[in-house]
Amino acid sequence: MAAKFTQISDVIEARLKNGEYSVNGMPGERQIAIEMGVSHMTARRAVQELVIKGLIPRRPVGRITRADARMRPECDLHIALVAHAFASDTQTNWHNALEQVVAQHNGQVRCFGYFNPYDRALTDSLQDEFDGVFLVPPVPMPPLLLERLKSVRHKVVTLFHDLTEHGIPCVNLASPRLLWRIAKHFADLGHTHVDCLNTQPSSKLIDDRMRIWAEAAKEYGLDTIVHNHEVEAFVRPDERAHLVAPLVIANPNRRITGLFCTTSAAARGVMRAAHEHGIRVGQDLSLASCDNTR
C-alpha cells in the first residue's frame with residue numbers, strides 16, 4: 001500500500017485536474033492535515049510531492065500560492081453547471097449533455113450544488129475562472145444574486161427558469177406555451193373532462209403552466225379543475241403525486257378521462273396510483289406532462 005502522504009498527494013492531484021481548486025485556490029498544509037486526519041508533517045510531504053511534479057508552485061517564503069493560474073486544469077474551455085444539490089433525471093441529462101459537448105472543445109465542466117438561494121456555491125460559480133455558466137436559478141431569487149447575474153449576463157445561461165426579461169438567455173425545452181398543443185391533443189382525442197395536477201414547489205414556471213393550462217383547456221372546451229398540491233423544496237413530487245392522485249383519478253363524484261401533470265415526476269406518481277386502483281393509463285386514462293425530461 002502506498003505511503004499515507006502519497007495517497008494524499010494523489011487525492012489533491014485528482015482535485016487539481018478536476019478544477020476543485022480553480023475558484024478559491026488550494027488550502028494550506030494545516031487545513032489539508034485537518035481534512036485528511038493526518039499530521040502536519042504528512043500533509044507537508046504530500047504537498048512537496050506535488051511541488052516536485054510541478055503541479056503547484058510555492059512562493060519564495062515557502063507558502064503555497066493560492067488561486068494561481070496553474071490551479072486551473074489545462075483545457076481550452078471552463079464551464080460551470082450550477083443546480084440544486086439533489087439528484088434529478090433532468091439535471092443528470094443536462095450534466096451528461098454538457099460534458100459531451102464541452103469535451104469536444106477540449107473543455108471541462110465543474111459542477112456546483114446549492115442547498116438554498118443564499119448558498120456560496122451560486123456566487124463562487126460566477127467568478128472569472130469560468131468562461132460560461134449554466135444555471136438552474138434558485139426560487140426565490142435574492143435581489144443581490146439577480147444583480148450579480150445581470151452583471152455577468154454575457155456568460156450566463158439559465159435552464160428551465162426564464163430570466164430573458166433581465167437580458168439573461170434561457171434554454172427551456174418545455175415552454176408553457178406548448179401546453180396549448182397538449183390541450184388541443186386531448187380535445188382531438190375526444191376528451192371532455194381533463195384535470196391538471198401539480199406537486200412541484202411553487203415557482204413562476206409552475207404557476208405559468210397551471211395558468212396557461214386553464215386558459216388552453218377553456219379554449220378547447222375541456223372541463224378542467226387544477227389540483228395544486230405543491231411540496232416544499234427538496235421534497236419528492238412523485239411521492240406526493242402518488243399520495244393525492246386517487247383523489248383525482250378515482251373520484252366517484254367527478255369522472256375524468258384525461259389528466260395533465262405539470263411535470264413528469266408527478267406523472268410517474270399518478271401512473272403508480274393508477275396501477276394500484278386498476279386504472280389503465282392509455283386506455284382508461286390519458287396522461288400527459290410537460291417538462292425537460294428526455
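Atom CD1 of I52 is surrounded by more than 12 heavy atoms from other residues, nucleotides or ligands within 6.0 Å. The number of heavy-atom neighbours closer than 6.0 Å to CE of M210, taken from other residues, nucleotides and ligands shown, is above 12. For H166, the NE2 atom counts as densely surrounded, since its 6.0 Å shell holds more than 12 non-hydrogen atoms of other residues, nucleotides or ligands.
A donor-acceptor pair is defined here as one N or O able to donate and one able to accept, closer than 3.5 Å; such a pair exists between the side chain of N116 and the backbone of D119. When atom types are taken as modelled, the side chain of H95 and the backbone of Q91 share no donor-acceptor pair closer than 3.5 angstrom. The main-chain N or O of A46 is never found under 3.5 Å from a side-chain atom of S9 such that the two would form a donor-acceptor pair. A donor-acceptor pair is defined here as one N or O able to donate and one able to accept, closer than 3.5 Å; such a pair exists between the side chain of S203 and the backbone of I206.
No continuous path of ILVMFWY side-chain contacts below 4.5 Å connects I34 to M41, so the two sit in separate hydrophobic clusters. In terms of hydrophobic clustering, with Ile, Leu, Val, Met, Phe, Trp and Tyr side chains grouped at heavy-atom distances under 4.5 Å, V281 and V244 are assigned to a common cluster. When hydrophobic clusters are built by joining Ile, Leu, Val, Met, Phe, Trp and Tyr residues whose side-chain heavy atoms come closer than 4.5 Å, directly or via intermediates, L287 is not grouped with V194. The hydrophobic clustering, which links ILVMFWY residues whose side-chain heavy atoms are closer than 4.5 Å, places F186 and I225 apart. Hydrophobic clustering, with ILVMFWY side chains joined whenever heavy atoms are under 4.5 angstrom apart, groups V51 together with I32.
The minimum heavy-atom distance linking G167 with P169 is given by the pair O-CD, 3.7 Å. Taking every heavy atom of both residues into account, S125 and F130 meet most closely at O-CD1, 3.4 Å. Across every non-hydrogen atom of A183 and Y220, the tightest pair is CB-CD1, 4.0 Å. A241 and L197 make their closest contact through CB-CD2, 4.3 Å (heavy atoms, listed as atom of the first residue, atom of the second, distance). Closest approach of T199 and P237 over heavy atoms only: OG1-O, 2.9 Å. Scanning both residues, G113 and A85, for their nearest heavy atoms gives C-CB, 3.8 Å.
At a threshold of 4.5 Å between non-hydrogen side-chain atoms, the residues H193 and L222 do not count as touching. In this structure the side chain of L81 never reaches within 4.5 angstrom of the side chain of R110, judged on heavy atoms. Within the 4.5 Å cutoff, the side chain of V157 has no heavy atoms near those of the V133 side chain. Counting heavy atoms from C-beta outward, L259 and V248 have side chains that approach closer than 4.5 Å. Proximity of W180 to E215: side-chain heavy atoms (C-beta onward) are separated by under 4.5 Å at one or more points. Contact of the E232 side chain with the V235 side chain is registered, since non-hydrogen atoms from C-beta on lie closer than 4.5 Å. Between C196 and H227 the shortest side-chain heavy-atom distance does not fall below 4.5 Å. At least one side-chain heavy atom of H84 sits less than 4.5 Å from a side-chain heavy atom of V136.
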Stepwise side-chain contact (heavy atoms from CB on, under 4.5 Å) test for L285 and I249:
CA-CA 8 Å; L285 178 73; I249 63 176; 3.9 Å; yes
Could you walk me through whether H40 and E29 satisfy the side-chain hydrogen bond (donor to acceptor under 3.5 Å, both in side chains) test, starting with their C-alpha distance in whole Å, then the side-chain angles of each, then the deciding distance to 0.1 Å, before giving a yes or no?
CA-CA 7 Å; H40 185 191; E29 293 168 354; 3.2 Å; yes
Assess whether side-chain contact (heavy atoms from CB on, under 4.5 Å) is satisfied between Q200 and V231, documenting all intermediate values.
CA-CA 6 Å; Q200 288 291 126; V231 297; 6.0 Å; no
Derivation and outcome, side-chain contact (heavy atoms from CB on, under 4.5 Å), residues N198 and E230:
CA-CA 6 Å; N198 174 61; E230 63 186 48; 4.1 Å; yes
Can you list the steps and then say if L163 with C170 is a side-chain contact (heavy atoms from CB on, under 4.5 Å)?
CA-CA 7 Å; L163 295 179; C170 174; over 6 Å; no
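Between F134 and F112, the ring center distance fails the sub-6.0 Å criterion.
The residues D207 and R211 are annotated as not salt-bridged, no charged nitrogen and carboxylate oxygen being separated by less than 4.0 angstrom.
Note that CD of E219 and CD1 of I212 are 13.5 Å apart. Values are rounded to the nearest 0.5 Å. One distance of note links NE2 of H161 with CG of L135; it measures 9.0 Å at 0.5 Å rounding. The distance from atom CG of L77 to atom CD of Q104, rounded to the nearest 0.5 Å, is 11.5 Å. In this structure, S289 OG and L179 CG are separated by 10.0 Å, a value rounded to the nearest 0.5 Å. Taking CZ of F115 as the start and CG of L122 as the end, the distance is 11.5 Å to the nearest 0.5 Å. Separating the CG atom in N253 from the CG atom in N251 is a distance of 5.0 Å, to the nearest 0.5 Å.
Residues passing the salt bridge (Lys or Arg N to Asp or Glu O under 4.0 Å) test with E99, sequence neighbours excluded: none. Under the rule for a salt bridge (Lys or Arg N to Asp or Glu O under 4.0 Å), E165 has no partner lying at least two apart in sequence or in another chain. In this structure, the salt bridge (Lys or Arg N to Asp or Glu O under 4.0 Å) partners of D284, at least two apart in sequence or on a different chain, are R280.
Residue pairs meeting the salt bridge (charged side-chain N to carboxylate O under 4.0 Å, His left out) criterion with at least one partner in residues 139-155, sequence neighbours excluded, are E147-K150. Annotation: salt bridge (charged side-chain N to carboxylate O under 4.0 Å, His left out) contacts involving residues 252-266, sequence neighbours excluded, comprise D195-R254, D223-R254. Among pairs with a residue in residues 46-55, those fulfilling salt bridge (charged side-chain N to carboxylate O under 4.0 Å, His left out) read E13-K53, at least two apart in sequence or across chains.
Between W213 and F260, the ring planes lie parallel to each other; the angle is under 30°, not in the 30° to 60° tilted range.
Tested against I8, the residues I12, D10, V11 include a single side chain to side chain contact (heavy atoms under 4.5 Å, CB included) partner, I12.
Donor-acceptor pairing under 3.5 Å is recorded for the side chains of S39 and T42. S286 and H191 share a donor-acceptor pair across their side chains, judged by distance under 3.5 Å alone.
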